[in-house]
Amino acid sequence: MPTRIVVLGAGVSGLTTAYLLSQDPENEITVLAKHMPGDYDIEYASPWAGANYMPVGKKGSIHHAWERDTWPALQEITEKYPEAGIHFLGLFFRIARRSIAPLTALSDAIIYNRKKDQETATGQWFAELVQPNPWYKDVVPDFRELPQSQLRPEMDNGQQFRSVCINTAVYLPWLVGQCTKKGTVFKRAVLKHVADAANAHHSGIKADVVVNCTGLSSKFLGGVCDEKLLPARGQIVVVRNDPGPMIGVSGTDDGEDEALYIMTRAAGGGTILGGSYQKHNWDPLPDANLANRIMKRAIDIAPQLVKEGQGIEGLDIVRHGVGLRPLREGGPRVEKDEVAGVKVVHNYGHGGFGYQASFGCAQSAVALVEEVKGKKPRAKL
Ligand code: FAD
């Protein structure tokens with residue numbers, strides 16, 4: 001007997017869940033969404049993300065488990081499917097590919113911590129990431145603490161490890177392609193109520209289960225209306241300049257909810273300069289002053305972004321952007337529900353970590369779908 005499933009939402013959460021569900025030939029899947037890969041909209045967070053793997057889940061939490069369980073999948077996709085638009089980032093990798101340095105010498109992400117940031121919005125967001133001896137040192141390859149001699153005076157500690165950077169403009173369509181190959185049908189629609197999704201399955205027959213991956217919009221979606229959701233506004237500048245390694249800092253001196261990170265996307269996706277972490281701020285338009293500060297900070301921490309002696313005029317801007325991270329008080333909602341007689345599995349509220357927790361969360365959502373189907377959960381995918 002086939003199981004008819006509607007996945008509501010085509011961001012990284014919906015697409016990753018559909019991707020895993022589509023591995024089971026019993027599942028007949030429709031992905032239904034207002035926005036699809038290729039769209040840029042303030043209601044659609046996924047295209048705006050960097051996106052990288054910089055774990056922030058508190059040690060011992062379910063968030064920690066989701067991020068831990070996502071790394072192997074991202075690493076495997078990076079290694080096996082270059083067309084997916086993910087790479088191990090940085091100058092060091094390119095050198096290694098020319099066999100000048102061994103692969104084990106790669107360390108592409110550099111994180112700096114300033115203890116004075118720990119009470120700020122950005123500092124709290126990055127608290128787990130920047131602390132010495134974090135849990136993820138056993139997950140990512142080539143983790144090492146930076147010696148004091150390699151730190152600027154204002155930095156209290158720092159670390160370096162191998163990470164990935166995802167070109168979201170390539171990766172999201174890649175996920176669509178993987179699902180389509182397995183028979184998943186994609187449809188555009190705007191729904192007012194989550195239960196209505198059950199009547200939109202491509203077979204014309206009512207779906208057995210709806211997987212709700214509507215991100216921040218679950219705040220307003222009928223049958224969900226989750227008041228715990230809030231936006232954490234992220235402003236970015238995409239440039240053609242390439243600094244080499246990926247860099248993140250625990251905070252800035254420009255504002256408690258401003259951030260400093262740099263990452264170059266795979267496959268010509270440009271370099272993302274970030275950012276901000278502005279809670280409850282819904283403004284969809286880039287703030288020119290904030291953009292200036294983002295660019296100045298990036299050049300200060302990575303002067304190699306521009307030619308010697310240049311300032312922000314040396315940056316070759318592709319676009320300014322704003323996305324709203326779907327933050328949820330208490331963490332993402334990955335659970336079963338029943339709304340107006342329709343079985344629903346929720347998978348939303350992933351804040352600033354939707355990519356780096358995508359496979360862990362989607363695996364949990366798939367296990368819940370299996371429960372709805374009355375099956376024992378499968379072994380991990
Ligand atoms: P979304 O991408 O918002 O998708 C929601 C989907 O639901 C869309 O398809 C939408 O059209 C659909 N939908 C909503 N309501 C309805 C409706 N009523 N009817 C039909 N369809 C509907 N994460 C990382 O892991 N690493 C990073 O480096 C990173 N960097 C980021 C940088 C920025 C600037 C931002 C903004 C975010 C960043 N994130 C990062 C976070 C990440 O982007 C989000 O957590 C993730 O994209 C959320 O994905 P989602 O699929 O849950 O939601």
Side-chain angles (χ1 to χ4, degrees), residues 6-18 31-57 66-67 70 74 89 109 125 129 163-166 168 171-172 175-176 186-194 196-197 200 210-224 229 231-238 246 248 259 261-263 265 272-278 284 286 294 320-328 332-334 346-362 365:
V6 172
V7 176
L8 185 57
V12 69
S13 308
L15 295 176
T16 312
T17 309
V31 176
L32 199 73
K34 182 174 180 184
H35 304 97
M36 291 282 178
D39 298 347
Y40 283 88
D41 195 283
I42 196 63
E43 291 179 9
Y44 189 27
S46 293
W48 300 109
N52 64 15
Y53 183 88
M54 293 261 183
V56 291
W66 284 326
E67 289 182 329
T70 298
L74 291 180
L89 190 132
W125 166 33
L129 174 70
S163 185
V164 290
C165 185
I166 303 169
T168 62
Y171 181 59
L172 297 173
L175 285 172
V176 172
F186 284 78
K187 284 167 66 176
R188 292 256 189 183
V190 184
L191 298 190
K192 287 202 162 64
H193 198 282
V194 70
D196 294 343
V210 170
V211 187
N212 172 31
C213 303
T214 52
L216 191 56
S217 298
S218 275
K219 193 173 181 64
F220 310 108
L221 181 65
V224 187
L229 281 163
R233 180 180 181 276
Q235 183 167 325
I236 51 152
V237 185
V238 187
M246 179 150 73
Y261 60 85
I262 301 175
M263 67 187 91
R265 284 173 165 177
I272 307 290
L273 311 180
S276 66
Y277 195 73
Q278 298 163 305
I294 288 172
H320 295 272
V322 175
L324 301 179
R325 300 176 182 91
L327 197 60
R328 185 170 182 270
R333 185 175 181 202
V334 185
H346 298 287
N347 183 13
Y348 66 81
H350 305 91
F353 49 88
Y355 284 83
Q356 64 199 33
S358 56
F359 277 88
C361 290

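The residues of the chain are indexed from 1 along the displayed sequence. All ligand and atom numbering here is 1-based and tracks the order in the structure. A quick note: this is a predicted structure, and the numbers were derived from the prediction, not measured. Quick note: numbers below take in every heavy atom, side chains included, and nothing from hydrogens, waters or symmetry partners.
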Kindly compute the distance separating [atom1] ([X]) from [atom2] ([Y]), expressed to the nearest 0.5 Å.
{"X": "M246", "Y": "S163", "atom1": "CE", "atom2": "OG", "answer": "3.5 Å"}
{"X": "L129", "Y": "E67", "atom1": "CG", "atom2": "CD", "answer": "9.0 Å"}
{"X": "L327", "Y": "W125", "atom1": "CG", "atom2": "CH2", "answer": "10.0 Å"}
{"X": "H350", "Y": "R328", "atom1": "NE2", "atom2": "CZ", "answer": "10.0 Å"}
{"X": "L15", "Y": "S358", "atom1": "CG", "atom2": "OG", "answer": "10.5 Å"}

Worksheet item: Does the side-chain hydrogen bond (donor to acceptor under 3.5 Å, both in side chains) test come out yes or no for N347 and T17, once each step is laid out?
Response: CA-CA 9 Å; N347 183 13; T17 309; 3.1 Å; yes
[X] heavy atoms, cut-off 4.0 Å: which ligand 1 atoms fall inside?
{"X": "G323", "answer": "36 (C)"}
{"X": "H350", "answer": "45 (O), 52 (O)"}
{"X": "S217", "answer": "14 (C), 15 (N)"}
{"X": "G351", "answer": "41 (C), 42 (C), 44 (C), 45 (O)"}
{"X": "A10", "answer": "6 (C), 8 (C), 9 (O)"}
{"X": "A49", "answer": "29 (C), 30 (N), 31 (C), 32 (C), 33 (C), 38 (C), 39 (N), 40 (C), 43 (O)"}
{"X": "F353", "answer": "23 (N), 24 (C), 25 (O), 41 (C)"}
{"X": "L221", "answer": "18 (N)"}

Between [X] and ligand 1, is there a nitrogen or oxygen pair with a distance under 3.5 Å?
{"X": "Q235", "answer": "no"}
{"X": "Y44", "answer": "no"}
{"X": "G352", "answer": "yes"}
{"X": "N52", "answer": "yes"}
{"X": "Y261", "answer": "no"}
{"X": "L8", "answer": "no"}
{"X": "G354", "answer": "yes"}

Practice prompt. For the residue pair Y355 and Y171, categorise the inter-ring angle as parallel (less than 30°), tilted (30 to 60°) or perpendicular (more than 60°).
Written response: tilted
Any side-chain heavy-atom pair from [X] and [Y] closer than 4.5 angstrom?
{"X": "R333", "Y": "L229", "result": "no"}
{"X": "R265", "Y": "T168", "result": "yes"}
{"X": "F353", "Y": "P55", "result": "no"}
{"X": "D39", "Y": "R188", "result": "yes"}
{"X": "I272", "Y": "N52", "result": "no"}
{"X": "T16", "Y": "L175", "result": "yes"}

List the closest protein heavy-atom neighbour of [atom]: residue, atom name, distance to the nearest 0.1 Å.
{"atom": "atom 21 (N) of ligand 1", "answer": "K34 N, 3.0 Å"}
{"atom": "atom 12 (C) of ligand 1", "answer": "G9 CA, 3.8 Å"}
{"atom": "atom 3 (O) of ligand 1", "answer": "A45 N, 3.0 Å"}
{"atom": "atom 19 (N) of ligand 1", "answer": "L191 N, 3.0 Å"}
{"atom": "atom 30 (N) of ligand 1", "answer": "G50 N, 3.4 Å"}
{"atom": "atom 13 (N) of ligand 1", "answer": "T214 CG2, 3.9 Å"}
{"atom": "atom 11 (O) of ligand 1", "answer": "H35 N, 2.7 Å"}
{"atom": "atom 49 (O) of ligand 1", "answer": "S46 OG, 3.2 Å"}

Part of [X] within contact of ligand 1 (heavy atoms, under 4.0 Å):
{"X": "V322", "value": "neither"}
{"X": "C213", "value": "backbone"}
{"X": "A189", "value": "backbone"}

Worksheet item: Out of S218, G215, S13, whose heavy atom sits nearest atom 50 (P) of ligand 1?
Response: S13
Discussion item. Before you tell me yes or no, could you show the steps for H346 and S218 under side-chain hydrogen bond (donor to acceptor under 3.5 Å, both in side chains), namely the whole-Å CA-CA distance, both residues' side-chain angles and the distance that decides it to 0.1 Å?
Written reply: CA-CA 10 Å; H346 298 287; S218 275; 5.6 Å; no
Item to complete: Spell out, as yes or no, whether a donor-acceptor pair under 3.5 Å connects the side chain of R325 to the backbone of A45.
Response: no
Worksheet entry | Exam field: side chain Q356 to backbone M54, donor-acceptor pair closer than 3.5 Å | yes
Discussion item. Quick check on V190 - does any of its heavy atoms sit under 4.0 Å from an atom of ligand 1?
Written reply: yes
